[in-house]
Structures are given as structure tokens and as C-alpha cells.
Amino acid sequence: MVTLDEIASLCKRRGFVYPTSEIYGGLMSSYDYGPLGAELLRNIKNAWWKTFVQDRSDMVGIDSQILLHPQTWVASGHVGSFSDPLVEDTVTHKRYRADHLIEAWQKDHPEANVAVEDLTIDQMAEFMRVHKVESPDGNPISAPKQFNLLFETKLGVVEGEKALLYLRGETAQGIFTNFKNIVNSNRVTLPFGVGQIGKSFRNEITTGQFIFRTLELEQGEIEYFFDPETTPWEELFNSWKDSMWKFVTTVMGIDETHIRWRKHTDKERSHYSKDTYDLDYLFSFGWKELWGIAYRTDYDLTQQAKHSGADLSYVDSATGRKFIPHVIEPAVGINRLFLMAMTEAYVKEEKRIVLKLAPKIAPYKVAVFPLVANKPELADKAREIYTELKTHFSVAWDDRGNIGKRYLSQDEIGTPWCVTVDYATLEDGSVTVRDRDTTKQERIKVADLTAYFQQKLV
Ligand code: GAP
């Protein structure tokens with residue numbers, strides 16, 4: 001299996017992902033997306049938005065602010081309890097998550113068989129004391145304490161009079177605080193959902209898993225509102241689970257054996273959630289959460305109504321009944337979808353590295369080459385084809401080096417098809433189309449090329 005280092009190395013070398021602020025030595029758990037990464041990220045976001053917002057008649061989308069009124073985060077419970085158990089290496093002062101150190105300890109002591117996710121912070125402290133769990137550098141560690149993940153910032157200019165604000169810890173609350181606006185300004189009736197893609201920020205303790213866990217992340221969240229008296233929540237919950245599974249396997253092209261459902265235990269689940277599942281992916285460092293789905297009941301709307309004084313209830317136009325809708329929330333990190341796509345696609349063959357990305361999300365769909373660069377008649381024809389295809393798809397151009405190297409270069413960035421213009425093109429109007437995965441080549445008429453690729457991308 002591909003390692004995280006191999007993925008990170010390809011990402012850097014080919015312009016998918018760079019360490020943030022690298023010229024200053026980087027910034028922990030922070031990454032920038034390069035030209036190809038920006039394309040892949042955008043394609044994933046577009047596919048998510050199309051599938052879950054545009055293609056459905058029961059969904060609308062919004063785009064709320066990163067900075068919300070600070071009371072939002074008091075109401076949601078983030079100020080009080082959005083935290084992780086922090087421990088510190090008493091020698092190096094490096095910080096770790098206590099649950100992660102216990103998980104790592106367990107790998108060497110499988111007989112211990114403890115469900116880390118069920119441990120309270122006091123139980124973690126006791127476990128680490130009894131089993132003498134050390135830091136990865138082999139030093140003693142401090143007792144765990146709760147560490148709030150919300151990033152704080154200040155509004156205003158006069159020092160001492162600045163108001164405390166938070167960078168949002170999830171996009172979800174911008175949906176709840178707009179619930180009334182959405183109902184009043186759109187023809188939506190229950191059940192309906194609201195989708196949003198945007199940046200969230202978390203002061204994460206653990207670092208070192210590339211883009212899996214970052215300080216700044218992009219989320220794709222859905223709040224699906226319904227009346228619990230008329231819509232059975234289990235049916236809705238299962239249908240959303242099916243939609244998530246289908247997106248990962250069909251749109252993202254992931255093998256079904258690489259994903260699994262994991263139900264949260266009663267102790268692990270948030271107090272307001274009636275049921276929570278993680279859709280896990282088999283990353284190169286093991287099964288990890290890709291996407292979560294939770295039945296959050298009426299907790300969030302009730303909390304926001306209580307703290308703001310606003311009436312966030314819904315009136316059923318048929319019966320006149322007034323109530324606070326319940327909500328099911330599928331929430332995914334777009335950057336984790338990206339890492340999953342790279343992990344799944346990365347294939348080491350004898351003579352090449354090939355990224356077998358699903359064509360719909362690949363940064364370039366097609367690359368066009370003249371067989372040789374220094375023959376104007378070939379280069380001109382190839383440019384003509386490139387320009388035409390570019391009006392329909394994202395298309396790469398390459399005329400450097402020999403044709404074999406150009407194929408290998410496109411394989412490594414996941415371009416599904418390469419078009420080569422050769423001398424036969426000038427005679428019979430056909431080009432060679434080479435398939436990334438099979439490396440098979442076929443002759444296609446230039447006039448048929450657009451339709452050929454369009455049909456492949458359906
Ligand atoms: N509104 C619910 C919520 O935010 P979450 O499980 O904390 O739930 C949802 O986050 C998803 O966001 C996760 O399943 C994961 O894909 C992604 N995510 C969470 N923290 C992340 C981080 N620090 N870096 C990258 N992705 C993250």
C-alpha cells in the first residue's frame with residue numbers, strides 16, 4: 001500500500017499540495033493547494049455541491065460567514081465543551097492528544113483491549129498512570145486536561161476594548177442561525193435540507209498526518225430538517241447513509257472494500273445526538289473517519305432560539321402545528337475526500353506511478369501533444385485541437401521531451417486520456433487517444449473527439 005510520505009512527496013513534486021509558508025519553515029498542520037491540487041479540490045467540491053444541492057429538489061445551499069456572533073458558539077456548546085484531552089511531554093514540551101497516545105500504546109499491547117473512545121478524561125489519566133504511557137520520545141507526560149479547539153480572534157481597534165470572536169469551528173451553525181431566513185425567503189417545506197461548503201478552524205493538538213487533520217479545513221455539511229412526528233428518523237438516516245456511500249463509491253470511484261460504517265458507542269456519542277455513525281476510509285495509516293452522520297434532534301435550533309430570543313420554530317401549513325424541526329447532519333471534510341482520492345488512486349507499477357483518479361474529478365481530463373515539437377505543421381494542428389477541446393474540458397498541453405516521458409508525466413497527475421497528433425493526422429484527420437489506466441491506444445477522428453470524451457465523462 002502507498003505510504004503517506006509517498007503521497008505527500010508526489011503532491012509536492014507535481015503541484016498538488018505544498019506546506020504552508022514553507023519559506024519560513026512552514027506552519028504546523030497547514031497546507032496550501034498548488035495548481036493541480038486546487039483543480040482537484042474544486043472538482044470534489046463541485047461534485048459534492050451538484051450531488052447534494054443542485055441535483056436534489058429537497059435541498060438548498062447557503063454560504064455563511066466564518067465570523068459569526070460569538071453567542072452562536074456559546075449556544076452550540078463549543079465554548080463550553082469543544083475540546084480534546086491535551087497532554088505534554090514533560091521534557092520536550094511537545095503536545096499530544098491523550099487518546100492518541102493510548103491508541104498508539106495499545107498497538108504494542110493489543111491484549112489490553114480498551115475502548116479509548118469511551119474513556120472520560122479522568123479514566124485516561126488513570127490509564128496512562130497505571131500503564132506508564134510515555135510520549136513518542138520516551139519521556140513522562142503530564143496529566144491530561146481539556147483543551148478548547150475554538151480559535152479566538154478580536155474585533156475592533158482599541159486595545160482593551162476589542163470584542164472576542166471565534167473563527168467558526170464548523171459550518172453547521174451558520175445554517176442553524178439562518179434557519180428562519182431560509183424558511184421565510186424560499187419555498188421550502190419539511191423535510192428539506194441546507195448544504196454549505198466552507199472553511200472551518202480548529203486548534204488541533206495532534207499534527208503529522210499531512211492534510212488529514214489540519215488547523216484550517218474545508219467542510220461540506222448538510223443539515224436536513226424534518227418533522228419527527230411524520231417522518232421516521234431511522235428511514236431518513238439510512239437514506240442519507242446510502243447517499244454518502246454512493247457518492248464515495250460512484251462519484252469518487254472508491255473501492256467498497258476500502259470503506260466501512262462505524263457506529264459511535266453510547267459513551268462516545270454527543271449528549272444531544274440520538275445516533276451517530278462514521279464512514280471510515282482505509283487510509284495509509286489505518287481506518288479513520290472520513291465523514292460523519294449524526295441525528296442531532298432539535299438540539300441546535302432549540303439552543304440558538306434560547307440564546308438569541310428568536311423564534312426558530314416551523315409552522316406546518318396543513319395542520320397549523322408549530323414545532324422545532326429535528327435534523328440529520330452528514331458532515332465531511334473536503335480535504336479528507338481529497339486525501340482519500342489520492343490514496344485510492346496512487347498505483348505503483350513496474351515502470352510508472354499512475355494516479356487512477358475518477359475522470360470526473362481529475363485535474364485535467366485530456367492532454368494534447370504534437371508527436372514532435374519542432375514540426376510546425378504538427379504543432380499547429382495540435383494547438384488547434386487543444387484550443388477546441390479546452391472550450392469543453394480542462395486540457396493540458398505538453399510538447400517537451402519524448403512522447404513516452406510525456407505519457408508518464410500525465411499518468412502521475414491522473415490525466416485520463418492523452419491525444420497525440422502525428423503525421424497520419426495531417427492525412428486522415430485522426431489522432432491517437434491513449435488511455436491512462438490500460439495504456440491502450442486507439443485512433444479517433446478529430447471531428448469526433450469532443451463527443452468521444454463527453455461520452456466517457458457521463
Ligand atoms: N458539524 C459536525 C462536525 O463538524 P466533525 O466530526 O467534528 O463534525 C466533520 O467534523 C468532518 O470534518 C469530519 O468527518 C472530518 O471529515 C472533517 N474534519 C474534522 N476535523 C478536521 C480537521 N482538523 N482537519 C481536516 N478535516 C477535519
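Whatever order the structure lists ligands and atoms in, that order sets their numbers, starting from 1. Values below: every heavy atom of this structure, side chains too, minus hydrogens, waters and symmetry copies.
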Original post:
Hey, is R168 one of the residues with a heavy atom under 4.0 angstrom from ligand 1?
Top reply: no

Original post:
So is L290 close enough to ligand 1, meaning a heavy atom under 4.0 angstrom away?
Top reply: yes

With a 6.0 Å cut-off on the ring centroids, do [X] and [Y] count as close?
X	Y	answer
F283	Y281	yes
H131	F127	yes
Y33	F338	yes

How far is [atom] from the closest protein heavy atom, and which atom is that?
atom	result
atom 27 (C) of ligand 1	L217 CD1, 3.5 Å
atom 25 (C) of ligand 1	F212 O, 3.1 Å
atom 24 (N) of ligand 1	T214 N, 3.0 Å

Given the ring of [Y], does [X] sit roughly above its face, with NZ or CZ under 6.0 Å from the centre of the six-membered ring and within 45° of the axis?
X	Y	result
R260	W245	no
K241	Y277	yes
R269	Y295	no

Winner among [options] once heavy atoms are compared against [atom]:
atom	options	value
atom 10 (O) of ligand 1	R296, E170, Q219	Q219
atom 14 (O) of ligand 1	H78, E223, E289, E221	E289
atom 26 (N) of ligand 1	E329, R336, R202, K288	R336

Subject >> Contact atoms of ligand 1, heavy-atom distance to G292 under 4.0 Å >> reply: 14 (O)

**OP:** Could you tell me which atoms of ligand 1, counted from 1 in the order shown, lie closer than 4.0 angstrom to a heavy atom of E204?
**Re:**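 Answer for ligand 1: 20 (N), 22 (C), 23 (N).
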
**OP:** May I ask you to check if ligand 1 and G333 share an N or O to N or O distance below 3.5 Å?
**Re:** yes

Original post:
Can you check side chain to side chain donor-acceptor pair (under 3.5 Å) on Q219 and S200, steps first, answer last?
Top reply: CA-CA 7 Å; Q219 290 186 306; S200 294; 2.8 Å; yes

Subject >> Criterion salt bridge (Lys or Arg N to Asp or Glu O under 4.0 Å) against E218, the qualifying member of R42, R168, K45, R336 >> reply: K45

